[in-house]
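A short write-up of the structure that comes next.
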Number of protein chains: 2
Amino acid sequence: MARDLTIQQVAEATGLSVHAVRYYEKVGLLALIQRSANGHRRYSPEDVVWLEFLMRLRATGMSIQQVHAFAKLVREQPTNVKERRLLLEAHRDRVKQNLEKLAHNLQVIELKIEHYQHLEATGKSDLHCIFWQNYLEQMSDHKLH
Amino acid sequence: MARDLTIQQVAEATGLSVHAVRYYEKVGLLALIQRSANGHRRYSPEDVVWLEFLMRLRATGMSIQQVHAFAKLVREQPTNVKERRLLLEAHRDRVKQNLEKLAHNLQVIELKIEHYQHLEATGKSDLHCIFWQNYLEQMSDHKLH
DNA sequence: TATTGACTTAGAGTGAACTCTAAGTTGTAG
DNA sequence: CTACAACTTAGAGTTCACTCTAAGTCAATA
């Protein structure tokens, strides 16, 4: 068998700290982790898959509380798939919005970099934002909604 | 004149709290805000533009510390444009990487939603991840690097 | 004149998400 | 037999980024 992992192996596999893995269990993101004879946690592959999914929720900005709400649904309402779907759909929509904002902010940052390149090319130290302001106006005029 | 704003107006314009605007000044993200006769802060349009740019850095995941380093460069090395550019380029690269990770995580979340839709359509409560695992394998096989 | 409201300061408090510590148990290697 | 490494627990501590409080100043209004 030996397909079950120790907490350390899980930590290595996921990139979390051992502490964080225990913490996630304590706050209810993971449940019912099996124990070996001596009381040590043994993680099944399913546990790891679940943990990795939770990490994606976290990485996309879902709070521990919200992840907990989702985990609770999965544990306590095995027949209620709809609620879980709605929760994830709401999250997906937030993530998409966030992605758009990020992409826009990235654009502005790239514009600022171009501005610096322009300054370097022309040897000027700083025009106190005249060039930059023009750029910004362009941005807000037709590149943003 | 009246083109200079009170701290409250700045807060409204940027969506920050009045407290946060003062906090940003205290930790060195803003400097030299003018004062009116009675000692109240008066923000110039340039101050607001600068603040808005800082907010984009924050929104893309730059820490207060790093923003401070950037702000310090701008204040103390007006002739050294290159360092500022390098700092922003490094940040841009991190943001791009993060965007890719986010987009991928979003994909997986959407897959999970599809999985739930599938369960709902077929009336099954949960196959304990057989369908889902297949999906995941597909993902890791050819949709991810 | 009294109150209201917007501002000022220094510094204390908060919430999120870990992160670490201390004290103890267990299993193996020398 | 002893040392060591890996685990266990409860709970304390840390970091970040605000967020709020208390006490005070000042200008305008009732």
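Chain naming here is simple, since letters A, B, ... match the order of the sequence lines and numbering starts at 1 in each. Being a predicted model, the structure only gives us computed values, none of them experimental.
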Excluding sequence neighbours, so at least two apart, what forms side chain to side chain contact (heavy atoms under 4.5 Å, CB included) with B:Lys96?
A:Leu106, A:Glu110, B:Arg92
May I ask you to list the residues of residues 6-24 of chain B, by number, that have any heavy atom positioned under 4.0 Å from an atom of DNA chain C?
B:Thr6, B:Ile7, B:Gln8, B:Arg22
Taking DNA chain C as the partner, which of residues 33-40 of chain B come within under 4.0 angstrom of it by heavy atom?
B:Arg35, B:Gly39, B:His40
N-O pairing of B:Glu52 and B:Arg56 below 4.0 Å
no
Tell me, please, which residues at least two apart from A:Gln65 pass side-chain hydrogen bond (donor to acceptor under 3.5 Å, both in side chains).
none
The criterion is side-chain hydrogen bond (donor to acceptor under 3.5 Å, both in side chains); which residues satisfy it with A:Glu83, sequence neighbours excluded?
A:Asn80
Please lay out, stage by stage, how B:Lys82 and A:Glu120 fare under the test salt bridge (Lys or Arg N to Asp or Glu O under 4.0 Å).
CA-CA 7 Å; B:Lys82 188 181 174 186; A:Glu120 287 177 278; over 6 Å; no
For B:Glu46 and B:Ser44, test the side chains for any donor-to-acceptor distance below 3.5 angstrom and give the result as yes or no.
yes
Within the supplied structure, the quantity of interest is the number of heavy atoms (other residues, nucleotides, ligands) at a distance under 6.0 Å from A:Gln34 CD; does it exceed 12?
no
Under a 4.0 Å heavy-atom criterion, DNA chain C is touched by chain A from C:dA16 to C:dG27
B:Glu114 side, atom CD; A:Arg85 side, atom CZ - distance, nearest 0.5 Å
12.0 Å
So, is A:Arg41 near the phosphate of D:dC7, with a side-chain N or O under 4.0 Å from OP1 or OP2?
no
Just by distance, do the side chain of B:Asn105 and the backbone of B:Leu102 share a donor-acceptor pair under 3.5 Å?
no
Main-chain N/O of B:Leu88 paired with B:Arg84 side-chain donor or acceptor, under 3.5 Å:
no
